[in-house]
There are 2 protein chains.
Amino acid sequence: MTREVPLPETSEDAPETLLTPAEVAQLFRVDPKTVTRWAQSGKLSSIRTLGGHRRYPQSEVMRLLDAGKAQREDS
Amino acid sequence: MTREVPLPETSEDAPETLLTPAEVAQLFRVDPKTVTRWAQSGKLSSIRTLGGHRRYPQSEVMRLLDAGKAQREDS
DNA sequence: CGTGAGTCGGGTAATTTGGGGC
DNA sequence: TATGTCCAAATTACCCGACTCA
(Lines give C-alpha, C1' and ligand atoms only; values in the text may rest on other atoms or scores of the structure.)
Protein backbone atom coordinates (compact mmCIF):
# COMPACT_ATOMS: atom_id res chain seq x y z
CA MET A 1 0.00 0.00 0.00
CA THR A 2 1.44 3.29 -1.02
CA ARG A 3 1.55 6.15 1.38
CA GLU A 4 -1.44 8.42 1.09
CA VAL A 5 -0.60 11.59 2.93
CA PRO A 6 -1.57 14.99 1.55
CA LEU A 7 1.59 15.96 -0.27
CA PRO A 8 1.70 19.73 0.09
CA GLU A 9 3.28 20.52 -3.23
CA THR A 10 5.45 23.49 -2.48
CA SER A 11 4.71 24.97 -5.87
CA GLU A 12 3.90 23.32 -9.15
CA ASP A 13 4.51 19.65 -9.41
CA ALA A 14 5.13 18.31 -12.88
CA PRO A 15 5.14 14.51 -12.63
CA GLU A 16 7.29 14.49 -15.71
CA THR A 17 8.14 11.00 -16.80
CA LEU A 18 11.78 10.59 -17.66
CA LEU A 19 13.42 8.16 -20.05
CA THR A 20 16.86 6.62 -19.91
CA PRO A 21 19.33 7.05 -22.79
CA ALA A 22 18.82 3.42 -23.80
CA GLU A 23 15.06 3.83 -23.97
CA VAL A 24 15.26 6.92 -26.14
CA ALA A 25 17.82 5.21 -28.34
CA GLN A 26 15.51 2.26 -28.92
CA LEU A 27 12.59 4.52 -29.79
CA PHE A 28 14.63 6.27 -32.48
CA ARG A 29 16.58 3.15 -33.40
CA VAL A 30 19.89 4.88 -32.93
CA ASP A 31 22.87 4.42 -30.69
CA PRO A 32 22.62 5.80 -27.13
CA LYS A 33 25.68 7.84 -27.98
CA THR A 34 23.72 9.61 -30.66
CA VAL A 35 21.05 10.57 -28.15
CA THR A 36 23.80 11.99 -25.98
CA ARG A 37 24.99 14.07 -28.92
CA TRP A 38 21.48 15.40 -29.44
CA ALA A 39 21.41 16.51 -25.84
CA GLN A 40 24.86 18.06 -26.07
CA SER A 41 23.92 20.06 -29.13
CA GLY A 42 20.77 21.34 -27.50
CA LYS A 43 18.41 19.49 -29.80
CA LEU A 44 16.93 17.58 -26.88
CA SER A 45 16.24 18.63 -23.30
CA SER A 46 17.87 16.60 -20.58
CA ILE A 47 18.02 16.23 -16.82
CA ARG A 48 21.13 15.09 -15.00
CA THR A 49 21.16 12.62 -12.16
CA LEU A 50 23.43 13.47 -9.27
CA GLY A 51 25.90 11.05 -10.78
CA GLY A 52 25.97 12.80 -14.13
CA HIS A 53 23.77 10.44 -16.15
CA ARG A 54 21.16 12.00 -18.42
CA ARG A 55 17.41 11.51 -18.28
CA TYR A 56 15.10 12.71 -21.04
CA PRO A 57 11.51 14.00 -20.75
CA GLN A 58 9.20 11.43 -22.26
CA SER A 59 6.75 14.07 -23.44
CA GLU A 60 9.40 15.81 -25.51
CA VAL A 61 10.73 12.56 -26.93
CA MET A 62 7.25 11.53 -28.00
CA ARG A 63 6.65 14.91 -29.54
CA LEU A 64 9.84 14.66 -31.56
CA LEU A 65 8.95 11.16 -32.61
CA ASP A 66 5.55 12.22 -33.87
CA ALA A 67 7.05 15.22 -35.57
CA GLY A 68 8.97 13.06 -37.97
CA LYS A 69 7.01 9.89 -38.33
CA ALA A 70 4.00 10.69 -40.50
CA GLN A 71 6.01 12.68 -42.90
CA ARG A 72 7.78 11.40 -45.94
CA GLU A 73 10.72 13.67 -45.66
CA ASP A 74 9.72 17.13 -44.56
CA SER A 75 6.76 19.31 -45.37
CA MET B 1 -5.20 4.47 15.41
CA THR B 2 -3.88 7.95 15.13
CA ARG B 3 -1.32 8.55 12.46
CA GLU B 4 1.56 10.96 12.81
CA VAL B 5 1.51 12.56 9.38
CA PRO B 6 3.02 15.94 8.52
CA LEU B 7 0.20 18.32 9.25
CA PRO B 8 -0.06 21.36 7.00
CA GLU B 9 1.53 23.82 9.36
CA THR B 10 -0.28 27.08 9.17
CA SER B 11 2.48 29.25 10.57
CA GLU B 12 6.15 29.43 11.50
CA ASP B 13 8.35 26.39 11.54
CA ALA B 14 9.62 25.07 8.25
CA PRO B 15 6.93 22.71 7.00
CA GLU B 16 9.62 20.69 5.34
CA THR B 17 8.07 17.81 3.51
CA LEU B 18 10.07 14.64 3.61
CA LEU B 19 10.18 12.24 0.69
CA THR B 20 10.72 8.51 0.81
CA PRO B 21 13.54 6.88 -1.19
CA ALA B 22 11.00 5.53 -3.67
CA GLU B 23 9.53 8.96 -4.28
CA VAL B 24 12.90 10.56 -4.90
CA ALA B 25 13.84 7.66 -7.15
CA GLN B 26 10.77 8.19 -9.32
CA LEU B 27 11.51 11.88 -9.71
CA PHE B 28 15.01 11.17 -11.04
CA ARG B 29 14.04 7.97 -12.82
CA VAL B 30 16.63 5.97 -10.91
CA ASP B 31 16.64 3.04 -8.51
CA PRO B 32 15.90 3.74 -4.82
CA LYS B 33 19.28 2.20 -4.10
CA THR B 34 20.89 4.91 -6.17
CA VAL B 35 19.25 7.59 -4.03
CA THR B 36 20.73 5.84 -1.01
CA ARG B 37 24.18 6.10 -2.56
CA TRP B 38 23.68 9.80 -3.18
CA ALA B 39 22.93 10.23 0.51
CA GLN B 40 25.92 8.13 1.53
CA SER B 41 28.25 10.18 -0.63
CA GLY B 42 26.91 13.44 0.70
CA LYS B 43 25.37 14.57 -2.57
CA LEU B 44 21.95 14.67 -0.91
CA SER B 45 21.10 15.45 2.69
CA SER B 46 18.94 12.96 4.52
CA ILE B 47 17.10 12.43 7.75
CA ARG B 48 17.06 9.09 9.51
CA THR B 49 14.03 7.52 11.07
CA LEU B 50 14.53 5.85 14.42
CA GLY B 51 14.62 2.57 12.55
CA GLY B 52 17.39 3.68 10.23
CA HIS B 53 15.36 4.46 7.10
CA ARG B 54 16.23 7.62 5.18
CA ARG B 55 13.92 10.52 4.40
CA TYR B 56 14.81 13.36 2.03
CA PRO B 57 13.81 17.04 2.12
CA GLN B 58 11.50 17.72 -0.78
CA SER B 59 12.78 21.26 -1.25
CA GLU B 60 16.34 20.07 -1.74
CA VAL B 61 15.27 17.33 -4.10
CA MET B 62 13.36 19.82 -6.23
CA ARG B 63 16.32 22.18 -6.21
CA LEU B 64 18.65 19.45 -7.41
CA LEU B 65 16.20 18.48 -10.11
CA ASP B 66 16.18 21.99 -11.50
CA ALA B 67 19.93 22.26 -11.11
CA GLY B 68 20.47 19.39 -13.52
CA LYS B 69 18.18 20.82 -16.13
CA ALA B 70 19.39 21.47 -19.64
CA GLN B 71 16.78 22.83 -21.97
CA ARG B 72 16.76 22.85 -25.70
CA GLU B 73 18.16 25.96 -27.24
CA ASP B 74 15.09 26.31 -29.38
CA SER B 75 11.85 26.47 -27.45
C1' DC C 1 -0.09 -8.10 17.16
C1' DG C 2 0.14 -9.84 12.39
C1' DT C 3 0.65 -8.35 7.31
C1' DG C 4 2.46 -6.41 3.11
C1' DA C 5 5.20 -3.00 1.13
C1' DG C 6 9.36 -0.50 1.55
C1' DT C 7 14.22 0.03 2.90
C1' DC C 8 17.99 -1.14 4.79
C1' DG C 9 23.03 -3.68 4.00
C1' DG C 10 26.41 -5.91 0.74
C1' DG C 11 27.80 -7.84 -3.76
C1' DT C 12 27.75 -8.38 -8.78
C1' DA C 13 26.13 -7.30 -13.74
C1' DA C 14 24.72 -3.70 -16.93
C1' DT C 15 24.56 1.01 -18.52
C1' DT C 16 26.39 5.71 -19.20
C1' DT C 17 29.89 9.03 -19.77
C1' DG C 18 33.65 11.29 -22.19
C1' DG C 19 37.30 11.32 -25.46
C1' DG C 20 39.36 9.95 -29.72
C1' DG C 21 39.34 8.34 -34.47
C1' DC C 22 37.07 6.40 -38.55
C1' DT D 1 27.84 17.41 -40.47
C1' DA D 2 26.01 13.08 -38.61
C1' DT D 3 26.26 8.41 -36.93
C1' DG D 4 28.55 4.06 -35.28
C1' DT D 5 32.34 1.90 -32.84
C1' DC D 6 36.41 1.07 -29.35
C1' DC D 7 38.21 2.16 -24.78
C1' DA D 8 38.54 3.01 -19.51
C1' DA D 9 36.35 4.92 -15.60
C1' DA D 10 32.35 6.09 -13.24
C1' DT D 11 27.54 5.44 -12.23
C1' DT D 12 23.57 2.83 -12.00
C1' DA D 13 20.56 -1.54 -11.90
C1' DC D 14 19.37 -6.04 -10.09
C1' DC D 15 20.33 -9.93 -6.82
C1' DC D 16 19.77 -11.63 -1.89
C1' DG D 17 18.30 -11.89 3.28
C1' DA D 18 16.90 -9.24 7.27
C1' DC D 19 14.69 -5.39 9.27
C1' DT D 20 11.46 -1.24 9.48
C1' DC D 21 7.24 1.18 8.35
C1' DA D 22 2.33 1.98 8.16
Side-chain angles (χ1 to χ4, degrees), chain A residues 1-9 13 15-75, chain B residues 1-9 15-74:
Chain A
M1 185 71 78
T2 46
R3 203 161 54 101
E4 200 67 34
V5 297
L7 276 178
E9 299 139 30
D13 229 275
E16 182 104 47
T17 309
L18 299 175
L19 298 178
T20 63
E23 290 171 340
V24 178
Q26 289 174 15
L27 288 173
F28 281 96
R29 300 229 47 177
V30 295
D31 202 88
K33 187 94 172 188
T34 299
V35 180
T36 297
R37 291 195 181 104
W38 293 346
Q40 287 176 340
S41 60
K43 295 177 180 176
L44 178 61
S45 306
S46 63
I47 297 285
R48 292 285 201 142
T49 68
L50 298 190
H53 285 201
R54 295 184 183 84
R55 296 284 117 98
Y56 306 96
Q58 185 183 35
S59 57
E60 181 171 344
V61 171
M62 293 310 184
R63 180 171 59 78
L64 293 174
L65 270 175
D66 292 344
K69 82 170 189 182
Q71 297 166 7
R72 195 175 319 231
E73 180 52 34
D74 187 37
S75 54
Chain B
M1 55 183 73
T2 42
R3 191 92 298 154
E4 196 72 31
V5 299
L7 296 170
E9 302 289 337
E16 185 61 84
T17 307
L18 295 178
L19 300 179
T20 64
E23 290 170 339
V24 178
Q26 289 175 29
L27 289 173
F28 280 94
R29 187 55 165 89
V30 294
D31 198 87
K33 214 58 162 306
T34 299
V35 180
T36 297
R37 286 193 223 97
W38 293 345
Q40 287 176 343
S41 60
K43 294 175 181 174
L44 175 62
S45 40
S46 62
I47 303 287
R48 291 285 203 140
T49 67
L50 299 186
H53 287 197
R54 295 184 181 84
R55 295 288 121 94
Y56 307 95
Q58 185 186 38
S59 58
E60 180 172 355
V61 171
M62 294 309 181
R63 179 174 58 78
L64 292 174
L65 266 176
D66 292 344
K69 247 176 193 172
Q71 293 183 1
R72 304 193 329 162
E73 296 183 351
D74 182 281

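Each chain gets a letter, A, B and so on, in the order the sequences are listed, and its residues count up from 1.
- B:E23 has its side chain out of reach of B:L27: every pair of non-hydrogen atoms, C-beta onward, lies at least 4.5 Å apart.
- For the pair A:T17 and B:R29, the minimum side-chain heavy-atom distance is 4.5 Å or more.
- B:K69 and B:D66 are joined by a salt bridge, as a carboxylate oxygen and a charged side-chain nitrogen come within less than 4.0 angstrom of each other.
- Close to C:dT7, at under 4.0 Å from its OP1 or OP2, lies no side-chain N or O of B:R54.
- A straight line from CG of B:L19 to C1' of D:dC21 spans 16 Å, rounded to a whole angstrom.
- Between the CG atom of A:L18 and the P atom of C:dT16 there is a distance of 14 Å, given to the nearest Å.
- Not a single donor-acceptor pair under 3.5 Å links the side chain of B:R55 to the backbone N or O of B:L18.
- Counting non-hydrogen atoms under 4.0 angstrom, A:E23 reaches nothing in the nucleic acid.
- Considering only heavy atoms from C-beta on, A:T34 stays 4.5 Å or farther from A:F28 through its side chain.
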Check: Just by protein heavy atoms under 4.0 Å, how would nucleotides 10-16 of chain D read 5' to 3' in B, S and -?
Finding: -BBBBB-

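- A sub-4.0 Å separation between OP1 or OP2 of C:dG18 and a side-chain N or O of A:Q40 is present.
- To the nearest 0.5 angstrom, B:T36 atom OG1 is 10.0 Å from B:H53 atom NE2.
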